[in-house]
Colleague: 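Sharing a structure, written as structure tokens. Questions coming.
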Amino acid sequence: MANQQPTSGNPKVDLEYRRRKNSEEMRYQVITFSLMIFLTLIAFAAVGFSDFSSWFIVPFIILLAVVQVIFQLYYFMHMSHKGHEAPQLFLYSGVLVGALTLLAFMTIVWW
């Protein structure tokens with residue numbers, strides 16, 4: 001009785017559904033990985049081949065880094081799946097506390 005797994009009555013259907021979902025998830029991860037490599041190459045090109053000022057390049061690279069972090073959280077760490085509401089809450093709370101701390105220190109230093 002302890003080894004019973006909930007199924008819809010037809011294990012073949014459940015297996016096919018899981019295979020389809022796994023292949024779909026793997027496709028999303030490969031696409032996301034490719035996009036992250038492309039964004040990394042853009043960041044390297046922005047530093048190495050451009051004659052822009054650092055006032056443009058630094059925020060541009062930070063923007064690319066934020067996009068990559070979002071990709072990693074939602075596709076590689078599975079934050080987009082159900083049941084990850086508590087880790088999302090802690091993650092967003094940590095980002096909020098970090099941003100408020102940075103804002104507070106910048107305000108103290110500059111005023």
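Count residues from 1 along the sequence.
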Colleague: List, one per line, each side-chain donor-acceptor pair under 3.5 Å for residues 88-101, sequence neighbours excluded.
Modeller:
unit_1: Gln88; atom_1: NE2; unit_2: Met79; atom_2: O; d: 2.4
unit_1: Tyr92; atom_1: OH; unit_2: Tyr74; atom_2: OH; d: 2.1
unit_1: Ser93; atom_1: OG; unit_2: Leu89; atom_2: O; d: 2.7
unit_1: Thr101; atom_1: OG1; unit_2: Val97; atom_2: O; d: 2.7

Colleague: Report yes if the side chains of Thr40 and Gln68 come closer than 4.5 Å at any heavy-atom pair, otherwise no.
Modeller: yes

Colleague: Are Leu64 and Ile70 grouped together when hydrophobic residues (ILVMFWY) are joined by side-chain heavy atoms under 4.5 angstrom apart?
Modeller: yes

Colleague: Do Val66 and Ile42 sit in the same hydrophobic cluster, where Ile, Leu, Val, Met, Phe, Trp and Tyr count as joined when their side-chain heavy atoms come under 4.5 Å apart?
Modeller: yes

Colleague: Specify the closest pair of heavy atoms between Phe52 and Ile57, including all atoms of both residues, with the distance to one decimal.
Modeller: O-CD1, 3.7 Å

Colleague: Should Leu73 and Phe33 be counted in the same cluster of Ile, Leu, Val, Met, Phe, Trp and Tyr side chains packed under 4.5 Å apart?
Modeller: yes

Colleague: Can Ile61 be reached from Phe38 by stepping across I, L, V, M, F, W or Y side chains whose heavy atoms are under 4.5 Å apart?
Modeller: yes

Colleague: Go through the steps for Arg18 and Lys21 under the test side-chain contact (heavy atoms from CB on, under 4.5 Å), then give the verdict.
Modeller: CA-CA 5 Å; Arg18 289 179 61 203; Lys21 289 304 263 184; 5.8 Å; no

Colleague: Under the side-chain contact (heavy atoms from CB on, under 4.5 Å) rule, what do Phe71 and Leu39 come out as? Steps first, then yes or no, please.
Modeller: CA-CA 11 Å; Phe71 278 160; Leu39 291 176; 4.2 Å; yes

Colleague: For the backbone of Met77 and the side chain of Gln72, can you confirm whether one donor and one acceptor N or O come within less than 3.5 Å of each other?
Modeller: no

Colleague: Which atom names give the shortest non-hydrogen contact between Arg20 and Ser23, and what distance separates them?
Modeller: O-OG, 2.9 Å

Colleague: Looking at every non-hydrogen atom in both residues, tell me the closest pair between Ser54 and Pro59 and how far apart they are.
Modeller: O-CD, 4.0 Å

Colleague: Are Leu63 and Val69 in one and the same hydrophobic cluster, where Ile, Leu, Val, Met, Phe, Trp and Tyr link if side-chain heavy atoms are under 4.5 Å apart?
Modeller: no

